[in-house]
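In what follows, a structure is listed as structure tokens, so that the remarks can point back to it.
Values below: every heavy atom of this structure, side chains too, minus hydrogens, waters and symmetry copies. Letters A, B, ... mirror the listed sequences (proteins, then strands); counts begin at 1.
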2 protein chains.
Amino acid sequence: MELAIDALISKIEELDNPTCVGLDTCIEYLPQKWQEKCGNFEDAGRYIRDFNLGIIDAVAGIVPCVKVQIACYEMYGAEGMRAFADTISYARQKGLIAIADAKRNDIGGTARCYSAAFLGRAKLYGKELPTFESDFLTVNAYLGSDGVKPFLEDVGRYNKGIFILVKTSNPASGELQDRKLEDGRTLFEAVGDYVMEWGKPFMGKYGYSSVGAVVGCTHREQAESLRKRLRGLFFLIPGYGAQGGKAEDIAVCFDELGRGGIVNSSRAILTAHKNRFAGMGFDEAAREAALLMKEDLTRAIRGKANG
Amino acid sequence: MELAIDALISKIEELDNPTCVGLDTCIEYLPQKWQEKCGNFEDAGRYIRDFNLGIIDAVAGIVPCVKVQIACYEMYGAEGMRAFADTISYARQKGLIAIADAKRNDIGGTARCYSAAFLGRAKLYGKELPTFESDFLTVNAYLGSDGVKPFLEDVGRYNKGIFILVKTSNPASGELQDRKLEDGRTLFEAVGDYVMEWGKPFMGKYGYSSVGAVVGCTHREQAESLRKRLRGLFFLIPGYGAQGGKAEDIAVCFDELGRGGIVNSSRAILTAHKNRFAGMGFDEAAREAALLMKEDLTRAIRGKANG
């Protein structure tokens with residue numbers, strides 16, 4: 001069976017597109033007429049779901065992957081979580097790779113429950129069932145390796161992947177992450193070095209591990225140095241577009257073969273029908289925006305690979 | 001209106017009990033006959049909910065607070081999340097203070113959604129509604145202050161509280177948290193110092209802030225030094241009982257008036273009907289275990305306050 005990271009990289013190569021559509025679907029992103037129907041959690045869940053399914057249909061065959069930000073769904077309670085589940089499941093059904101962006105973290109026994117929810121199987125009486133089965137999950141490692149281990153076990157057991165927060169894209173990410181340790185490394189480098197260790201048992205045929213790192217592209221020099229330091233770690237790269245990251249910033253996250261990362265864009269794709277491609281349907285507009293993003297990024301990454 | 005931290009401390013004083021029952025309800029904790037009925041997510045959600053409601057009824061009037069570990073519910077999907085919502089809401093209805101233990105974290109815009117789910121209000125068309133409305137939420141601050149800010153805003157706006165992970169109770173917590181920084185502080189001290197800053201606008205009448213810290217009692221010396229360092233930060237203290245923390249270890253987390261923290265116990269209370277008080281109903285057993293815990297801890301803390 002193909003490792004999760006190999007499936008992701010193969011899909012990126014097949015579509016020649018290292019990008020990922022972020023389904024951080026807020027009701028403000030929906031067409032006005034749908035928004036107006038979101039008067040309770042059930043309807044919010046339903047219209048968000050329908051919007052996502054439309055986006056997935058529109059970008060399938062163009063982008064290899066979606067990243068679904070669970071916070072946007074959790075906000076609408078059980079009904080929102082149903083929309084989250086349907087979105088993940090529909091994306092996978094359409095051949096897209098699904099990243100659950102949940103940044104989960106806890107002590108070992110509890111992390112096991114989180115891992116069961118997204119990567120493994122939930123325990124019932126005499127049987128086990130998948131819940132929000134995803135291909136990858138984002139994880140926060142502040143608790144240390146015994147909090148990460150349950151996820152690693154499921155990566156092995158169910159052939160899944162995780163992306164661990166190393167250097168995030170937000171403006172204040174440096175407050176803790178950039179702190180210099182006594183040994184001269186920054187905290188984010190120390191976390192990255194742990195992720196390298198954790199990832200070793202899951203190396204795939206392209207030289208990358210199913211255990212990867214979240215590295216924002218909004219802090220270019222740090223991303224560049226991390227690309228050199230963390231050989232074999234695949235990067236999930238937020239920060240492109242609305243957060244200020246540009247294609248040239250992102251190119252530094254890729255290796256000499258133009259591999260090594262996947263770039264997320266949410267707002268520019270989901271709100272294309274309200275901005276750049278106003279007048280088009282939300283799905284058609286998302287498709288156009290996804291094509292533009294592909295072009296923008298592949299040009300920059302190829303430029304670097306050839307340069 | 002009373003600050004969240006003042007309500008918590010008042011309730012602790014009223015019941016003379018600085019403990020908290022952790023509703024980390026796994027199906028293995030249920031009475032055997034109930035477990036056998038948990039063959040799908042809907043039934044698992046229902047029996048976990050009923051178990052929790054029984055525990056809440058049994059401990060109301062003895063313990064001031066419950067901490068509900070969301071991972072145990074998320075594992076059962078939308079049905080599990082409904083059980084989580086019902087548990088939080090029933091506990092508050094019974095006059096208990098409810099801590100949602102979710103360790104949420106993300107960049108600002110996304111953290112806003114998490115905060116809306118647990119502390120604030122979810123945005124619908126033309127209105128806002130609470131989702132999993134809790135009194136306190138646990139938060140992971142690895143992303144830095146802009147990721148924490150949305151929670152702080154809701155602490156102010158809706159009179160809620162948060163507990164930020166400073167030093168966790170798990171064995172490997174030191175891998176990152178104990179790292180020495182260039183300036184001589186450990187990482188957990190640096191996080192604690194930030195929490196002090198963030199908490200300043202929310203100081204209550206007992207000299208503690210509605211923005212507190214998670215400090216495990218399994219690393220006694222560190223807990224003791226944090227109690228001295230982080231004056232004004234109320235501690236949520238995991239690690240007692242099954243994780244190895246003893247009453248004497250916990251006493252160091254309290255101030256000279258016997259205030260300053262709340263100690264969580266999950267397994268010993270929830271599984272009392274299978275262990276220490278086998279033969280009793282799960283609720284009656286939980287009540288007995290909660291009384292023992294109260295006695296064990298108040299003796300140790302009072303011993304310290306008087307000593």
Less than 4.5 Å to any heavy atom of chain A: does that hold for the side chain of Asp43(B), its backbone, both, or neither? neither

Count the heavy-atom pairs under 4.5 Å between each of Met75(B), Lys149(B), Lys37(B), Met81(B) and chain A, then report the option with the highest count. Met75(B)

Portion of Phe41(A) that has a non-hydrogen atom of chain B nearer than 4.5 angstrom: both

Tell me if the centroids of the rings in Trp34(A) and Phe282(A) come within less than 6.0 Å of each other. yes

Chain B shares the most heavy-atom pairs under 4.5 Å, among Ile70(A), Asn140(A), Asp101(A), with Asn140(A)

Considering only heavy atoms and a distance below 4.5 Å, find which of Ser173(B), Gly39(B), Gly147(B), Ala117(B) pairs most often with chain A. Gly39(B)

Let me know which of Val263(B), Asp249(B), Asn264(B) forms a side-chain contact (heavy atoms from CB on, under 4.5 Å) with Tyr240(B). Val263(B)

Tyr29(B)-Phe51(B) aromatic ring centre distance below 6.0 Å: no

Report, as yes or no, whether the 6.0 Å neighbourhood of atom CD on Glu42(B) holds more than 12 heavy atoms from other residues, nucleotides or ligands. no

Chi angles and distances behind the side chain to side chain contact (heavy atoms under 4.5 Å, CB included) call for Leu236(B), Thr138(B): CA-CA 9 Å; Leu236(B) 171 60; Thr138(B) 58; 3.8 Å; yes

Using non-hydrogen atoms only, which part of Arg104(B) is less than 4.5 Å away from chain A: side chain, backbone, both, or neither? side chain

Can you tell which part of Tyr47(A) gets under 4.5 Å to a heavy atom of chain B, answering side chain, backbone, both or neither? neither

Is there a side-chain contact between Val191(A) and Leu176(B), using heavy atoms and a 4.5 Å cut-off? yes

Under a 4.0 Å threshold between the charged nitrogen and the carboxylate oxygen, would Arg46(B) count as salt-bridged to Glu79(B)? no

Which of the residues Gln35(B), Arg179(B), Glu74(B) is involved in the greatest number of heavy-atom pairs with chain A at under 4.5 angstrom? Glu74(B)

Answer yes or no: is there a side-chain heavy-atom contact under 4.5 Å between Trp198(A) and Val195(A)? yes

Interface moiety of Gln32(B) toward chain A, non-hydrogen atoms closer than 4.5 Å: side chain

If you count heavy-atom pairs under 4.5 Å between each of Lys123(A), Lys127(A), Arg121(A) and chain B, which one has the most? Lys123(A)

Any Leu137(A) side-chain heavy atom under 4.5 Å of Ile99(A) side chain: no

Options Gly174(A), Pro171(A), Ala190(A), ranked by heavy-atom pairs under 4.5 Å with chain B, top entry: Pro171(A)

Does any backbone or side-chain atom of Thr168(B) lie under 4.5 Å from a heavy atom of chain A? Answer side chain, backbone, both or neither. side chain

Contact check, side chains of Asp154(A) and Leu152(A), non-hydrogen atoms, under 4.5 Å: no

Let me know which of Phe163(B), Tyr158(B), Phe151(B) forms a ring pair (Phe, Tyr, Trp, His ring centres under 6.0 Å) with Phe136(B). Phe163(B)

Regarding Asp178(B) and Lys167(B), does a basic nitrogen lie under 4.0 Å from an acidic carboxylate oxygen? yes

Part of Lys103(A) within contact of chain B (heavy atom distance under 4.5 Å): both

Flag the one option from Tyr142(B), Tyr194(B), Phe188(B) with the top tally of heavy-atom pairs under 4.5 Å to chain A. Tyr142(B)

Pull out the residues in residues 20-28 of chain B that come under 4.5 Å of chain A, heavy atom to heavy atom, sorted by number. Ile27(B), Glu28(B)

Looking at Gly108(A), Gly126(A), Ser145(A), Gly216(A), which one has more heavy-atom pairs under 4.5 Å with chain B than the rest? Ser145(A)

Arg185(B) versus chain A, heavy atoms under 4.5 Å apart: side chain, backbone, both or neither? side chain

Short side-chain donor-acceptor distance under 3.5 Å, Thr218(B) and Gln243(B): no

Rounded to the nearest 0.5 Å, how far apart are CG of Asp183(B) and CD of Glu182(A)? 10.0 Å

Residue, of Pro238(B), Gly144(B), Cys113(B), Ser169(B), that accumulates the most heavy atom pairs under 4.5 Å with chain A: Cys113(B)

Part of Tyr76(A) within contact of chain B (heavy atom distance under 4.5 Å): both

Engaged part of Phe118(A) at the chain B interface, taking heavy atoms whose separation is under 4.5 Å: side chain

Determine yes or no for a side-chain-to-main-chain donor-acceptor pair under 3.5 angstrom, with Asn105(A) supplying the side chain and Val139(A) the backbone. no

Where on Pro130(B) is there a heavy atom nearer than 4.5 Å to chain A: the side chain, the backbone, both, or neither? backbone

Return the minimal non-hydrogen interatomic distance between Gly45(B) and Ala83(B), and the atom names on each side. O-CB, 3.4 Å

Do Asn52(A) and Tyr73(A) have side-chain N/O donor and acceptor atoms under 3.5 Å apart? yes

Counting heavy-atom pairs under 4.5 Å to chain A, which of Ala85(B), Gly184(B), Gly77(B) comes out on top? Gly77(B)

Selection from Ile107(A), Leu181(A), Leu143(A), Thr131(A) maximising heavy-atom pairs under 4.5 Å formed with chain B: Leu143(A)

Per-residue contact mode, Gln69(B) against chain A (heavy atom under 4.5 angstrom): side chain

